[in-house]
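Worksheet: one structure, shown below.
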2 protein chains.
Amino acid sequence: MPRDTEDERIYRADCPTRPILDQIGDKWSMMVLAVLVPAPRRFNAIKRQLEGITQRVLTQTLRKLERNGMVRRRVLGGSPPGVEYALTPLGRSLQEPFAVLYDWTLAHIDAIQKHQEAYDREAVAAARDSD
Amino acid sequence: MPRDTEDERIYRADCPTRPILDQIGDKWSMMVLAVLVPAPRRFNAIKRQLEGITQRVLTQTLRKLERNGMVRRRVLGGSPPGVEYALTPLGRSLQEPFAVLYDWTLAHIDAIQKHQEAYDREAVAAARDSD
DNA sequence: CGGTATCCCACATGATACTG
DNA sequence: CAGTATCATGTGGGATACCG
């Protein structure tokens with residue numbers, strides 16, 4: 001959670017940061033950005049690297065990122081023609097906050113899974129007791 | 001996005017960090033944790049502070065946080081009886097990664113909104129051109 | 001190659017009522 | 001006070017087909 005500031009909006013669903021945090025927390029945005037970190041890539045190159053994403057969803061995700069100024073879309077002339085997507089400085093600047101969150105997750109994933117298993121065992125035991 | 005590691009899983013929807021990131025990215029988890037930073041609180045105290053959340057959703061959110069070991073639930077004896085929720089050390093340790101992300105958003109929200117407006121103006125202009 | 005156009009569904013969230 | 005139960009809904013995401 002954000003640090004405990006005087007800013008009361010952080011407690012409200014209409015905090016202006018919500019739409020932005022919602023997008024970068026969606027299913028694919030973070031991974032699309034990750035794919036573009038090493039170098040710009042073409043549409044189908046991104047799609048191949050993100051096994052499981054559909055064309056429709058990749059298009060939607062790229063459009064939202066472009067609209068936010070995090071990705072730049074460039075039509076390539078030449079043969080074969082194509083479209084290239086690249087990180088903007090704004091998009092690249094997201095790398096650090098995401099890395100902090102990702103590293104936190106990696107550091108605590110084992111502890112979290114142990115908690116989950118313990119919680120689930122308890123739930124099973126409670127259900128048994130109530131029989 | 002996570003930094004560019006050798007770990008190929010970061011590109012995959014089945015990366016083991018997904019379920020955790022999905023939860024802490026859900027609509028209310030972050031705000032519930034934020035409310036608990038200054039001090040433990042009772043169910044209805046949390047609910048009052050998060051205007052707009054329903055009882056059902058608050059219960060679900062707290063159960064998931066408890067299951068992950070981020071929040072501890074304590075039944076208070078005495079009169080009136082009640083239930084108190086408190087951050088665990090694990091839950092509190094999320095404060096920093098979240099603050100980094102939140103600060104990034106605050107720092108760039110103006111730039112992002114300008115990009116969005118420019119993008120939307122372009123879309124309107126393109127629609128007009130195609131008439 | 002890089003998309004749109006349709007259709008569909010699961011699931012997160014919400015509204016409301018009831019309870020130990 | 002702290003929930004559960006029930007029902008409703010919007011939308012993010014997926015499947016598939018077609019297009020310039």
Side-chain angles (χ1 to χ4, degrees), chain A residues 12-15 18-32 35-36 40-68 71-86 123 126-127 130, chain B residues 12-15 18-32 35-36 40-68 71-86 123 126-127 130:
Chain A
R12 308 191 45 115
D14 63 351
C15 176
R18 287 277 347 167
I20 299 171
L21 292 172
D22 281 349
Q23 155 151 22
I24 65 190
D26 76 3
K27 186 165 180 184
W28 293 104
S29 289
M30 183 167 123
M31 279 188 288
V32 169
V35 166
L36 295 178
R41 289 195 197 286
R42 298 168 62 148
F43 185 88
N44 279 328
I46 301 171
K47 184 168 182 302
R48 273 189 299 273
Q49 200 155 356
L50 297 179
E51 197 178 345
I53 196 171
T54 63
Q55 282 184 328
R56 169 183 156 79
V57 171
L58 178 55
T59 300
Q60 287 175 340
T61 303
L62 286 166
R63 289 284 181 278
K64 285 196 298 181
L65 292 171
E66 189 193 0
R67 179 170 182 266
N68 288 341
V71 154
R72 176 177 44 96
R73 178 182 188 270
R74 242 185 72 211
V75 176
L76 304 172
S79 182
V83 179
E84 187 186 76
Y85 292 91
S130 71
Chain B
R12 307 191 46 116
D14 62 351
C15 175
R18 287 278 346 169
I20 298 170
L21 292 172
D22 282 347
Q23 155 150 22
I24 64 190
D26 76 4
K27 186 165 180 184
W28 294 103
S29 289
M30 186 168 119
M31 281 188 288
V32 169
V35 166
L36 296 178
R41 289 195 197 288
R42 298 166 65 146
F43 185 88
N44 279 327
I46 301 171
K47 183 169 182 298
R48 272 189 300 274
Q49 201 156 354
L50 298 179
E51 197 178 345
I53 197 172
T54 61
Q55 284 184 328
R56 171 182 156 78
V57 171
L58 178 54
T59 300
Q60 287 174 341
T61 303
L62 286 166
R63 290 284 182 279
K64 284 196 297 180
L65 292 171
E66 189 192 0
R67 179 170 183 266
N68 289 342
V71 154
R72 177 178 43 96
R73 178 181 187 272
R74 242 184 72 213
V75 176
L76 304 171
S79 180
V83 178
E84 186 186 77
Y85 292 91
S130 72

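Labels below follow one simple rule: chain letters A, B, ... track the order of the sequence lines, proteins then strands, and each chain is numbered from 1.
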Atom pair CD (A/Glu51) and CE (A/Met31), whose distance is rounded to the nearest 0.5 Å: 11.5 Å

Rounded distance [0.5 Å steps], CZ in B/Arg67 versus CZ in B/Arg63: 13.0 Å

Rounded interatomic separation in angstrom, taking CD from B/Glu84 and P from D/dA2: 10 Å

Working for side-chain contact (heavy atoms from CB on, under 4.5 Å), residues B/Asp26 and B/Lys64: CA-CA 11 Å; B/Asp26 76 4; B/Lys64 284 196 297 180; 3.0 Å; yes

Intermediate values then yes/no, side-chain contact (heavy atoms from CB on, under 4.5 Å), A/Leu62 and A/Phe43: CA-CA 9 Å; A/Leu62 286 166; A/Phe43 185 88; 3.9 Å; yes

Range on DNA chain C touched by chain A - first to last nucleotide, heavy-atom distance under 4.0 Å: C/dC1 to C/dT6

Phosphate contact (D/dC1 OP1 or OP2) by B/Tyr85 side-chain N/O below 4.0 Å: no

Presence of B/Arg73 side-chain N/O under 4.0 Å of D/dG3 phosphate oxygens OP1/OP2: yes

Short heteroatom pairs, N/O only, protein and nucleotides 11-16 of chain D, under 3.5 Å:
from: D/dG13; atom 1: OP1; to: A/Lys27; atom 2: N; distance (Å): 2.9
from: D/dG14; atom 1: OP1; to: A/Lys27; atom 2: NZ; distance (Å): 2.7
from: D/dG14; atom 1: OP2; to: A/Trp28; atom 2: NE1; distance (Å): 3.3
from: D/dG14; atom 1: O6; to: A/Arg56; atom 2: NE; distance (Å): 3.0

Minimum heavy-atom distance between A/Val35 and A/Arg41, given as atom pair plus value: O-NE, 3.4 Å

Qualifying residue, where the test is side-chain contact (heavy atoms from CB on, under 4.5 Å) with B/Thr61 and the options are B/Val32, B/Ile46, B/Leu50, B/Val71: B/Val32

side-chain contact (heavy atoms from CB on, under 4.5 Å) between A/Ile24 and A/Met30, worked out: CA-CA 6 Å; A/Ile24 65 190; A/Met30 183 167 123; over 6 Å; no

Derivation and outcome, side-chain contact (heavy atoms from CB on, under 4.5 Å), residues A/Val57 and A/Lys27: CA-CA 10 Å; A/Val57 171; A/Lys27 186 165 180 184; over 6 Å; no

